[in-house]
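Each remark here refers to the structure printed beneath this line.
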Amino acid sequence: MKFMNVCEGELETLKMMSSHHQNSFVRERAQAVIMNHNGIKSQQIAEVFSVKVRAVYSWLKSYQDYGFIGLYTKKGQGRKSIFSTLGSEDQKRILDKIDQGDSVKETTCFINENFCENVSERMLKTFLKKRVYMEKNKMLAQASSK
């Protein structure tokens with residue numbers, strides 16, 4: 001991909017995004033566009049961000065096609081949760097293990113042995129937090145509808 005010519009107004013916005021945006025991936029992509037504009041080759045940009053050159057090409061093409069919106073990840077992209085691939089029965093078995101008093105470490109071992117997944121303790125904790133949050137919201141919704 002050739003070097004992009006970005007107008008002054010867009011360049012200022014990209015600079016703001018690269019230093020202040022809440023999402024790190026948007027900051028990286030904005031910085032990559034700025035670097036490309038300044039004449040830095042995609043190979044060098046890829047080395048700076050420790051990504052493949054194809055990723056940099058994708059970022060630049062997306063920016064070229066969609067502008068600032070192209071710097072964001074679309075909904076549904078990214079790694080899917082391991083727990084979302086499990087059926088409700090399997091999820092219930094995991095929750096039952098926790099309810100029975102098993103530790104997070106024991107439950108993680110149970111998951112890895114029975115479901116052939118590579119689950120870390122941190123992933124299990126995140127799953128449990130989301131599950132508790134969902135249950136809490138469900139109870140609040142039921143209480144408010146009465």
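Residue Ser58 holds its OG atom at 9.5 Å from NZ of Lys61, rounded to the nearest 0.5 Å. Note that OG1 of Thr126 and CZ of Arg131 are 14.5 Å apart. Values are rounded to the nearest 0.5 Å. Residue Lys130 holds its NZ atom at 15.5 Å from NZ of Lys125, rounded to the nearest 0.5 Å. To the nearest 0.5 Å, atom OH of residue Tyr63 and atom CE of residue Met4 are 7.0 Å apart. With values rounded to the nearest 0.5 angstrom, His37 atom NE2 is found 4.5 Å from Leu11 atom CG. Summarising the geometry, atom CG belonging to Leu86 is positioned 6.0 Å from atom CD belonging to Gln91; distances are rounded to the nearest 0.5 Å.
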For this session: Test Val119 against Phe127 for side chain to side chain contact (heavy atoms under 4.5 Å, CB included), laying out the working first.
Result: CA-CA 11 Å; Val119 175; Phe127 166 72; over 6 Å; no
For this session: Decide yes or no on side chain to side chain contact (heavy atoms under 4.5 Å, CB included) for Leu124 and Ile94, but give the supporting numbers first.
Result: CA-CA 9 Å; Leu124 177 59; Ile94 293 168; 4.0 Å; yes
Exercise. Stepwise, does the side chain to side chain contact (heavy atoms under 4.5 Å, CB included) test hold for Ile40 with Ile34?
Worked result: CA-CA 9 Å; Ile40 299 173; Ile34 294 168; over 6 Å; no
Below 3.5 Å, can you tabulate the donor-acceptor pairs from side chains in residues 44-56 to any protein atom, sequence neighbours excluded?
| unit_1 | atom_1 | unit_2 | atom_2 | d |
| --- | --- | --- | --- | --- |
| Gln44 | OE1 | Lys41 | N | 3.2 |
| Glu47 | OE2 | Gln43 | NE2 | 3.4 |

Could you tabulate the donor-acceptor pairs under 3.5 Å formed by side-chain atoms of residues 16-23, not counting sequence neighbours?
| unit_1 | atom_1 | unit_2 | atom_2 | d |
| --- | --- | --- | --- | --- |
| Ser18 | OG | Leu14 | O | 3.4 |
| Ser18 | OG | Lys15 | O | 2.9 |
| Ser18 | OG | Gln31 | OE1 | 3.4 |
| Ser19 | OG | Lys15 | O | 3.1 |
| Ser19 | OG | Met16 | O | 3.4 |
| His21 | ND1 | Asn23 | N | 3.0 |
| His21 | NE2 | Tyr72 | OH | 2.9 |

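Taking the side chain as every heavy atom from C-beta outward, Leu71 and Trp59 never approach each other to under 4.5 Å. Asp90 has its side chain out of reach of Asn114: every pair of non-hydrogen atoms, C-beta onward, lies at least 4.5 Å apart.
Around CD of Gln100, the count of heavy atoms belonging to other residues, nucleotides or ligands within 6.0 Å exceeds 12.
Proximity of a side-chain donor or acceptor of Glu106 to a complementary backbone N or O of Ser103 within less than 3.5 Å is detected. Checking side-chain atoms of Asp102 against main-chain N and O of Ile98 turns up no donor-acceptor pair under 3.5 Å.
Residues Met123 and Phe83 come closest through the heavy atom pair O-CE1, 3.6 Å. Between Ser42 and Tyr57, the closest heavy-atom pair is OG-CE2, 3.3 Å.
No hydrogens or angles considered: a donor-acceptor pair under 3.5 Å links the side chains of Thr73 and Arg29.
There is no path of hydrophobic side-chain contacts, each under 4.5 Å, that joins Tyr66 to Leu60.
Evaluation of the salt bridge (Lys or Arg N to Asp or Glu O under 4.0 Å) rule for Lys92 yields Asp96 as partners, not counting sequence neighbours.
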